[in-house]
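Each remark here refers to the structure printed beneath this line.
Side-chain atoms are counted along with the backbone in the values below, which use heavy atoms only and exclude waters and symmetry mates. Naming convention: chains lettered A, B, ... in sequence-line order (proteins, then strands); numbering from 1 in each chain.
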Protein chains: 2
Amino acid sequence: MASGTRERIMDVALRLFAAQGVAATPVTAIEAGAGLSAGSGSFYRHFRDKHELLSAVLDRELAKVAEDPITWVRSPSPQRPPETELAERLGAELAFLRRLLPMIAILMWERAGPNDLAGRVRQTMTARGIELGIADLLLQAPTPPVKDDPAAAATVLISAQLGYFLSTEYFGAPPGDVEADRFTAMLARLLVGRDLP
Amino acid sequence: MASGTRERIMDVALRLFAAQGVAATPVTAIEAGAGLSAGSGSFYRHFRDKHELLSAVLDRELAKVAEDPITWVRSPSPQRPPETELAERLGAELAFLRRLLPMIAILMWERAGPNDLAGRVRQTMTARGIELGIADLLLQAPTPPVKDDPAAAATVLISAQLGYFLSTEYFGAPPGDVEADRFTAMLARLLVGRDLP
DNA sequence: GTCTATATTGGGATAGAC
DNA sequence: GTCTATCCCAATATAGAC
């Protein structure tokens, strides 16, 4: 089918937009990447302009991410220590953020844009339970600080994950060159607060 | 002095670059903002091209930030509980990040660029003790997790700060709408781990 | 639906007068 | 050191043949 072209255009655009920004990605490059002739306006048979393309790409991607469940082990052995379970969940969450990365990258570039990109991405992150789904797990092993203010604890958790992720992606390395496993393990340990004085 | 123009150009450029990105900021806009005639090439009497301007702006800004000490209370009353002191220090750190914001924003936009922007900003953040200066404070009140792996704990700390900050700046709101004080207080509490089971 | 060709604009950069 | 004027190119978008 010839209208797979539209899909191919969106695939390429997502990749290029994320890699170099919307402004820095000429339509000609998108055409080339989609197997069309570089200077031809063939692109415009499929989208009115670049902005419409951007919208379409984001909608499709957000929809995909929204469908695709976070794959983490749904506590198969319910007797494991809570910090282990939490650490695993945190790892899955980092992977989920990695899926969102292209959109986050675009968001950074298009901050000033007319579309409410921030809102749209934020909504997906929220809806996917990145924010709220956490709180209930925290409540499984609540240390006093967490019990006092679960929302703040969840904020610390999400912030740490997001910061670690963005630092790795944008600065090329995690803060302090600590690998992901070590990071999530520590974060889980601090939240669950086992071995204490 | 007429060569204050160069400084004015850099001032305007920093603002515009941070607000809308380098690519989206035409030289004409910079000229206009600096009080020069919009279409004139007067800009080029001061900088060879936009890339040189970008470099100059970053260097100047990084130098400024490097000189300017983080203003936090250097433990005036040494008997305060460590989580209070830590919370204060975390607050000062957030303010410091806010100073770095324009450069972080530029970094996000210019990720693909030829200059090693990421490296330069990262170096400043590191040099300023954002990474290492933390560890010693942590050691003032080391909970077992922190004692076991101070580097990982520091990474959690920095990541949380960075994530909270970026989320606020780019998504328009902190994760979970928790204000800064509540956030830093919780982070400090989790790290210092006072009241425990 | 894709091509070649082209109109058109916006922005980077230079020339030369003042 | 700033101006006016201009060149040049890259990129958007369209026209019309196939």
Grab the CG-C1' distance between A:L53 and D:dA11 for me, whole Å please. 15 Å
Strictly below 4.0 Å, N to O, side chains only: are B:R60 and B:D11 in salt-bridge contact? yes
Rounded distance (Å) that lies between atom P of C:dG12 and atom CD1 of B:I9: 13 Å
Using the 3.5 Å cut-off, write out each protein N or O paired with an N or O of nucleotides 16-18 of chain C and the distance between them.
residue	atom	partner	partner atom	Å
C:dG16	O6	B:R45	NH2	3.3

Suppose we screen for salt bridge (Lys or Arg N to Asp or Glu O under 4.0 Å). Which residues come up paired with B:D59, at least two apart in sequence or across chains? B:R120
Hey, are the side chains of A:L53 and A:I30 touching, using non-hydrogen atoms and a 4.5 Å cut-off? yes
With a 4.5 Å limit on heavy-atom distance, are the side chains of A:I104 and A:F165 in contact? yes
Whole angstrom value for the distance that separates P of D:dA11 from CZ of A:F47: 20 Å
Got a sec? Which of residues 28-39 of chain A come in under 4.0 Å of DNA chain D, heavy atoms? A:G39
Length of the line joining A:Q20:CD and D:dA11:P, which is rounded to integer Å: 10 Å
Atom of B:P175, atom of A:S159 and distance for their closest heavy-atom approach: CG-OG, 3.6 Å
A:S40, nearest nucleotide to its side chain (from C:dA13, C:dT4, C:dT2): C:dT4
Hey, is the side chain of A:H46 poking within less than 4.0 Å of OP1 or OP2 on C:dT2, counting only N and O atoms? yes
Can you give me the closest heavy-atom contact between B:L157 and B:L90, atom names plus distance? CD2-CD2, 3.5 Å
Take atom CZ of A:F43 and atom P of C:dC3, then tell me their distance rounded to the nearest Å. 14 Å
Side-chain N or O of A:T5 closer than 4.0 Å to phosphate OP1/OP2 of C:dT2: yes
B:S42 side chain near D:dT2 phosphate (N/O to OP1/OP2, under 4.0 Å): no
Let me know the distance between CZ of B:R48 and P of C:dG12, rounded to the nearest Å. 17 Å
Hey, are the side chains of A:L166 and B:L162 touching, using non-hydrogen atoms and a 4.5 Å cut-off? no
Would you call A:R189 and B:D148 a salt bridge, using N to O less than 4.0 angstrom? yes
Is the distance from OP1 or OP2 of C:dA13 to the nearest side-chain N or O of B:Y44 less than 4.0 Å? yes
For A:D49, does the CG atom sit with more than 12 other heavy atoms under 6.0 Å from it, leaving out its own atoms? yes
Whole angstrom is fine here: how far is it from CD in A:E52 over to P in D:dT12? 15 Å
